[in-house]
Amino acid sequence: VPAETIRNFSIVAHVDHGKSTLADRLLELTGAIKANSGHQVLDNLQVEKERGITVKAQTASLFYSYQGKEYLLNLIDTPGHVDFSAEVQRSLAPCQGVILLVDANDGVQAQTVANYYLAREKNLVIIPVINKIDLKNANPEKVKEQLKKLLEIDIDVIKISAKLGIGINKVLNAIVEKIPPPTIARDKPFRALIFDSWYDKYKGAISLIYVKDGALSVGKQITSVYMKKSYEVRNIFLLRPYAENVKTIFAGQVGAISCNMKSKEAHIGDTLHLRHQPVDSLQGFKPPKPMVFAGVYPIDQTQFASLQTAIDKLTLNDSAVSAIFESSNALGRGFRIGFLGLLHMEVFIQRLEQEYEAQPVVTAPTVTYKAKIFGSKNITKYQGDTITFNNPINFPDPQIVSEFYEPMIIATIITPDTYMRKIMSLCYEKRGKEKLNKIIGNDRFMLQYVMPLNEVILDFHDSLKSISSGYASFDYEDYDYQISDIVKLNILLNGKVVEELSTIIHRSQVSTMGRKLCVKLLDTIPRQLFEIAIQAAVGNKVIARETLKPYKKDVTAKLYGGDVTRRKKLLAQQTEGKKKMKMIGKISLPRDTFINVLKR
Ligand code: GDP
Ligand code: MG
């Protein structure tokens with residue numbers, strides 16, 4: 001394939017604006033798949049099907065004839081949720097252009113803006129496309145105005161219906177016409193960027209590579225610049241979108257390779273070269289940084305090894321996840337895992353369950369805090385240091401801390417003006433400070449708040465959706481640390497602190513959260529043979545208390561059918577009882593207690 005006929009591009013969009021549908025149409029039109037061969041070919045993980053979101057970027061190489069010439073179009077599908085902006089970044093590394101897809105009804109949303117800035121930062125050609133023009137309430141002209149106003153884009157927009165297959169050719173033509181071919185050098189020694197990797201049961205670690213210079217053939221010896229390891233190339237595939245074996249891959253192409261690489265060695269952002277022909281590393285991209293941490297433990301210790309194997313494999317599939325060993329009194333041996341956000345965490349856990357049949361106990365998610373330690377004479381260990389911690393167990397004794405710091409984010413929210421006031425008070429309640437409040441046309445506002453990350457990881461997104469009936473959209477990026485008055489809120493069951501239920505919160509929320517947690521636990525913990533005192537405390541000071549009465553045999557009979565909600569609760573508890581329980585001392589807790597108590 002001549003270099004000038006190659007186009008590398010991604011489709012970026014707010015979630016649900018039709019990226020996967022458009023990707024499928026592009027595949028059909030270029031003959032890579034047959035029409036109606038099933039919905040959303042590129043979304044091939046079970047979680048993606050269930051949740052309808054693209055979690056992991058998938059890639060396809062397509063051939064398209066334009067004015068009598070064959071072009072190779074490398075499409076890189078990207079995830080479309082706030083938690084996965086790091087994956088979007090990664091997908092953009094081999095690209096020279098993006099299709100910025102906007103729903104004709106929904107208009108410009110928070111992720112439209114975020115993706116636009118990401119693409120602009122990387123100097124990519126941006127092709128704005130308005131989708132779903134078939135919808136009854138579609139208003140492409142209004143959306144075009146929004147795009148112009150907000151993004152300062154003053155070029156033609158393409159109007160399409162991905163669902164009905166209208167205008168897809170215009171998109172393909174624009175890709176060929178507007179996006180430049182990659183700058184590559186075929187006569188130079190082989191050089192490629194690893195931009196994704198995953199684990200395959202049969203072939204082991206697979207790396208998705210973008211070949212910048214030279215060529216690579218099966219059987220060659222290659223070396224990674226960062227990891228400094230050498231391998232022999234076993235297989236090379238093009239993804240069309242199904243894997244197609246080839247002997248050689250050339251500069252400008254995107255493909256997958258397998259070699260005797262260990263899972264842990266496939267480092268996204270690493271550069272590959274021929275063993276005896278070293279090259280400079282390609283400019284990679286910032287490795288994704290985990291923001292939210294949680295403990296993940298086997299339900300019983302005999303399953304530790306299999307949980308470890310499952311986590312290892314999933315981690316390879318998702319380099320944004322970091323996992324380190326940890327152990328706790330109540331939960332035994334397990335892992336502290338870092339995620340990009342809560343959805344990312346939920347997807348990861350769901351995949352552990354579905355793909356590896358693991359049933360882990362997951363503790364409440366925490367962000368990474370910092371504490372500056374007093375330079376007191378009595379304390380020598382950390383004197384004058386700043387320590388970091390992302391586990392309530394490691395919360396330092398406040399007596400030795402001069403200042404605590406918590407991580408902040410900038411939230412971008414786009415909303416119709418009807419919901420403005422409610423959203424502003426939600427942000428205020430979440431300790432947000434307004435940074436920007438700007439009209440972007442059609443009664444629509446863009447708000448920016450500086451907020452503690454801790455406040456958005458659990459249920460901010462859900463709250464925002466519910467108070468705006470789904471009309472407000474949200475995206476965020478990180479924004480340094482700020483001094484903060486945080487405390488550790490302990491939960492005691494029958495007088496004993498259960499570290500795994502403890503959380504770190506702002507002092508202003510102590511009494512509300514204390515009460516809320518106790519009530520939630522009262523609802524969640526099934527009755528047992530003995531009474532359980534549930535307490536929330538900061539240090540020695542008890543903030544709230546609830547008492548869970550003991551279980552009596554035939555307990556429903558005693559309710560005389562009077563109290564329906566109580567009975568429902570009991571029945572729910574019976575179902576819960578069939579689920580796996582985790583023993584904390586003598587008390588058994590449903591395995592999802594740790595996370596669920598913190599949610600609304
Ligand atoms: P993604 O989250 O951006 O990948 O969006 P999907 O491709 O999964 O599409 C989200 C929803 O919008 C699905 O229910 C699609 O069937 C629907 N959709 C996509 N394109 C169109 C379109 O052109 N017209 C209409 N009416 N619906 C569409
Ligand atoms: Mg999708």
Side-chain angles (χ1 to χ4, degrees), residues 9-29 32-33 35-60 62 75-85 87-88 90-92 95 98-116 118-119 126-144 147 157-172 174 241 341 343-344 346-347 414 461 465 470-475:
F9 71 103
S10 263
I11 306 170
V12 292
H14 192 75
V15 68
D16 277 349
H17 281 197
K19 205 170 36 216
S20 301
T21 310
L22 176 59
D24 278 1
R25 285 300 97 76
L26 296 179
L27 261 62
E28 283 170 16
L29 236 137
I33 55 162
N36 303 319
S37 62
H39 185 55
Q40 302 193 346
V41 175
L42 293 186
D43 288 352
N44 58 18
L45 294 172
Q46 196 181 341
V47 248
E48 293 184 352
K49 294 230 169 80
E50 277 179 19
R51 291 176 182 243
I53 50 169
T54 309
V55 173
K56 190 146 177 57
Q58 302 281 319
T59 272
L62 317 169
L75 157 66
I76 289 132
D77 191 24
T78 56
H81 193 276
V82 274
D83 270 6
F84 301 102
S85 60
E87 297 237 347
V88 177
R90 167 202 305 186
S91 313
L92 293 183
C95 295
V98 296
I99 294 170
L100 183 69
L101 194 66
V102 188
D103 184 312
N105 197 358
D106 266 11
V108 167
Q109 296 292 344
Q111 284 149 260
T112 317
V113 182
N115 285 322
Y116 168 76
L118 212 57
I126 295 164
I127 303 174
V129 174
I130 297 177
N131 187 29
K132 308 197 189 181
I133 54 163
D134 60 289
L135 285 175
K136 233 187 1 215
N137 299 325
N139 194 342
E141 283 313 308
K142 197 161 118 180
V143 176
K144 191 174 163 180
L147 277 167
V157 287
I158 301 170
K159 295 168 198 161
I160 66 163
S161 164
K163 189 169 179 181
L164 304 182
I166 300 167
I168 311 300
N169 265 315
K170 281 190 267 176
V171 177
L172 285 163
L343 178 75
H344 186 211
E346 286 176 346
V347 164
I414 292 188
H461 206 177
K465 270 197 215 148
Y471 283 110
S473 65
F474 164 70
D475 202 342

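Count residues from 1 along the sequence. Only heavy atoms go into these numbers, but all of them, side chains included; no hydrogens, no water, no symmetry mates. Both counts, for ligands and for their atoms, begin at 1 and track the order of listing.
- Residue L101 is tested with T21, N115, I11 for a side chain to side chain contact (heavy atoms under 4.5 Å, CB included); the sole match is I11.
- Ligand 1 has a nitrogen or oxygen under 3.5 angstrom from a nitrogen or oxygen of A162.
- Side-chain N or O atoms of N137 include none that pairs as donor or acceptor with a backbone N or O of N105 at under 3.5 Å.
- Residues H17 and D106 bring a donor and an acceptor atom of their side chains to less than 3.5 Å of each other.
- For atom 2 (O) of ligand 1, the nearest non-hydrogen atom from the set L135, D103, D16 comes from D16.
- At a heavy-atom distance under 4.0 Å, atoms from both the backbone and the side chain of K19 approach ligand 1.
- Applying the salt bridge (charged side-chain N to carboxylate O under 4.0 Å, His left out) test to pairs two or more places apart or on separate chains, those with a residue in residues 158-168 are E141-K159.
- For ligand 1, the atoms closer than 4.0 angstrom to any heavy atom of G18 are 1 (P), 3 (O), 5 (O), 6 (P), 7 (O), 9 (O), 19 (C).
- Using a 4.5 Å heavy-atom cutoff, the side chains of N131 and L22 are not in contact.
- Of all the heavy atoms of T21, the ones lying under 4.0 Å from any atom of ligand 1 are found in both the backbone and the side chain.
- Not one N or O of I133 is nearer than 3.5 Å to an N or O of ligand 1, by distance alone.
- Partners of D103 under the salt bridge (Lys or Arg N to Asp or Glu O under 4.0 Å) rule, at least two apart in sequence or in another chain, are K132.
- For S161, heavy-atom contacts with ligand 1 shorter than 4.0 Å involve the backbone as well as the side chain.
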